[in-house]
Amino acid sequence: MYTIAIYNNKGGVGKSTLTVFMADFLASLAVRGRPMRVVVLDLDAQGSCAASLLGSARLLQARSTGQTLGPLARDLDQGRPLNLEPYLFSRPKGAVKGRATPVSEVGVMISDKNGAFAFEANPLHRLTTLRDRLKPLLAQSFDLALLDLPGNIDPRHLLAVNGLIMSDSVISPVEVSRFSIDAMPDTVEMIRYAREQGDGHRPAFLGMLLNRTDKRGQQYQRNLPWIHAMAERLQIPVFEQVLPNAQALASATDEGLAAGGSLRERYGSYYPHVKAVVGEAFRRWHAMESDPNR
Ligand SMILES: Nc1ncnc2c1ncn2[C@@H]1O[C@H](COP(=O)(O)OP(=O)(O)OP(=O)(O)O)[C@@H](O)[C@H]1O
Ligand SMILES: [Mg+2]
């Protein structure tokens, strides 16, 4: 199972949105003759990604019964033999007419503040619990895990750091604004920290993805050279594909759409944009996996 974290330490840049886009499109791909099995771990207590995939009623219910990643990680730390079933939810496949591609089934795991705190307060907590204990269990049922990380984290956020250490690579959505670009060194710093606490070289940087982009706007023209200079300095690849700024894209992750439908219905005229971005992520991930020097 390959694991990708969607992370930028800056808030509100499109991490949760991109996580849902990637889950939707990658779960509709076939690999080795069967659909790719995708699980999303929503590590942000805000839960916007889980709400989008499951609806907020199911999110609230799972939280009220403690079926979240914090208590699960605590139990894993204590070496309990584990059945993931109570912690694993499912966004069902959409119903479609004719030959349209339905939104596919996606596994979802949820987090919440209290659960994360219970894990962090446990003196036995480890930074590698998710990598060493959860990842092998998930790998029995999934080909890909996508992790929606919160913004504004530091080494005290043990569950989020666990998520980074569990990840093979990171994609950072970035807005083409000075504020967003200036925050990149913090993001790189946290990724370095996760590498040091993990195996020394993972997660790798899959790339920075420009989100809410208006290619004809002044801001884009002015800031693009700056973004590329900074990416070179920090040695982060930049995606060739970008996501435009569009209300239709914000609505595609609206929880009102949690149930059913086809991919084209959900993404409307932006379907090709999102498909191209996710396609580039897929190619970069496979190039990285087959690189003997990585
Ligand atoms: N390409 C886009 N076009 C228009 N709106 C977008 C786009 N991408 C994201 N948004 C909107 O921007 C807001 C922030 O996006 P999102 O919640 O995905 O960011 P985030 O990085 O996950 O935020 P946080 O750090 O709070 O978790 C949301 O309202 C979302 O719908
Ligand atoms: Mg988010």
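Indexing begins at 1, ligand by ligand and atom by atom, following the structure's order.
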Inset, instruction - Please test Leu249 against Thr17 for side chain to side chain contact (heavy atoms under 4.5 Å, CB included), starting from the C-alpha separation and ending with a verdict. - result: CA-CA 8 Å; Leu249 287 178; Thr17 304; 5.5 Å; no
Inset, instruction - Hey, could you give me each pair passing ring-ring contact (aromatic ring centres under 6.0 Å, His included) that has a residue in residues 5-54? Not counting sequence neighbours. - result: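 Every pair satisfying ring-ring contact (aromatic ring centres under 6.0 Å, His included) with a residue in residues 5-54: Phe21-Tyr267, Phe25-Tyr267, Phe25-Tyr271.
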Legend entry - Ser90 backbone acceptor or donor facing Arg58 side chain under 3.5 Å: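 Checking the backbone N and O of Ser90 against the side chain of Arg58, a donor-acceptor pair under 3.5 Å is found.
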Inset, instruction - For His228 and Pro225, indicate whether the former's side chain and the latter's backbone hold a donor-acceptor pair under 3.5 Å. - result: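 No: the side chain of His228 does not pair with the backbone of Pro225.
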Inset, instruction - Classify the ring geometry between His273 and Tyr270 as parallel (under 30°), tilted (30 to 60°) or perpendicular (over 60°). - result: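 The arrangement is tilted - the two ring planes meet at 30° to 60°.
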Legend entry - Any N, O or S atom of Ser16 closer than 2.8 Å to the Mg ion (ligand 2):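 Yes - counting backbone and side chain alike, Ser16 has an N, O or S atom under 2.8 Å.
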Legend entry - Spatial distance of atom CD1 (Ile165) from atom CZ (Arg195) [nearest 0.5 Å]: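 Here the interatomic distance stands at 12.0 Å.
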Could you list each N/O atom of ligand 1 together with any protein N/O atom closer than 3.5 Å, one pair per line with the distance?
{"unit_1": "ligand 1", "atom_1": "1 (N)", "unit_2": "Asn211", "atom_2": "OD1", "d": "2.9"}
{"unit_1": "ligand 1", "atom_1": "1 (N)", "unit_2": "Pro244", "atom_2": "O", "d": "2.8"}
{"unit_1": "ligand 1", "atom_1": "3 (N)", "unit_2": "Asn245", "atom_2": "OD1", "d": "3.4"}
{"unit_1": "ligand 1", "atom_1": "3 (N)", "unit_2": "Ala246", "atom_2": "N", "d": "2.9"}
{"unit_1": "ligand 1", "atom_1": "3 (N)", "unit_2": "Ala246", "atom_2": "O", "d": "3.2"}
{"unit_1": "ligand 1", "atom_1": "8 (N)", "unit_2": "Asn211", "atom_2": "ND2", "d": "3.1"}
{"unit_1": "ligand 1", "atom_1": "12 (O)", "unit_2": "Arg212", "atom_2": "NH1", "d": "3.0"}
{"unit_1": "ligand 1", "atom_1": "18 (O)", "unit_2": "Ser16", "atom_2": "N", "d": "3.4"}
{"unit_1": "ligand 1", "atom_1": "18 (O)", "unit_2": "Thr17", "atom_2": "N", "d": "2.9"}
{"unit_1": "ligand 1", "atom_1": "18 (O)", "unit_2": "Thr17", "atom_2": "OG1", "d": "2.5"}
{"unit_1": "ligand 1", "atom_1": "19 (O)", "unit_2": "Gly14", "atom_2": "N", "d": "2.9"}
{"unit_1": "ligand 1", "atom_1": "21 (O)", "unit_2": "Gly12", "atom_2": "N", "d": "3.4"}
{"unit_1": "ligand 1", "atom_1": "21 (O)", "unit_2": "Val13", "atom_2": "N", "d": "3.0"}
{"unit_1": "ligand 1", "atom_1": "21 (O)", "unit_2": "Gly14", "atom_2": "N", "d": "3.0"}
{"unit_1": "ligand 1", "atom_1": "21 (O)", "unit_2": "Lys15", "atom_2": "N", "d": "3.0"}
{"unit_1": "ligand 1", "atom_1": "21 (O)", "unit_2": "Lys15", "atom_2": "NZ", "d": "2.9"}
{"unit_1": "ligand 1", "atom_1": "22 (O)", "unit_2": "Lys15", "atom_2": "N", "d": "3.4"}
{"unit_1": "ligand 1", "atom_1": "22 (O)", "unit_2": "Ser16", "atom_2": "N", "d": "2.8"}
{"unit_1": "ligand 1", "atom_1": "22 (O)", "unit_2": "Ser16", "atom_2": "OG", "d": "2.9"}
{"unit_1": "ligand 1", "atom_1": "23 (O)", "unit_2": "Gly12", "atom_2": "N", "d": "3.0"}
{"unit_1": "ligand 1", "atom_1": "25 (O)", "unit_2": "Gly12", "atom_2": "N", "d": "3.0"}
{"unit_1": "ligand 1", "atom_1": "25 (O)", "unit_2": "Lys15", "atom_2": "NZ", "d": "2.9"}
{"unit_1": "ligand 1", "atom_1": "26 (O)", "unit_2": "Gln46", "atom_2": "NE2", "d": "3.1"}
{"unit_1": "ligand 1", "atom_1": "27 (O)", "unit_2": "Asp44", "atom_2": "OD2", "d": "3.2"}
{"unit_1": "ligand 1", "atom_1": "27 (O)", "unit_2": "Gln46", "atom_2": "NE2", "d": "3.3"}

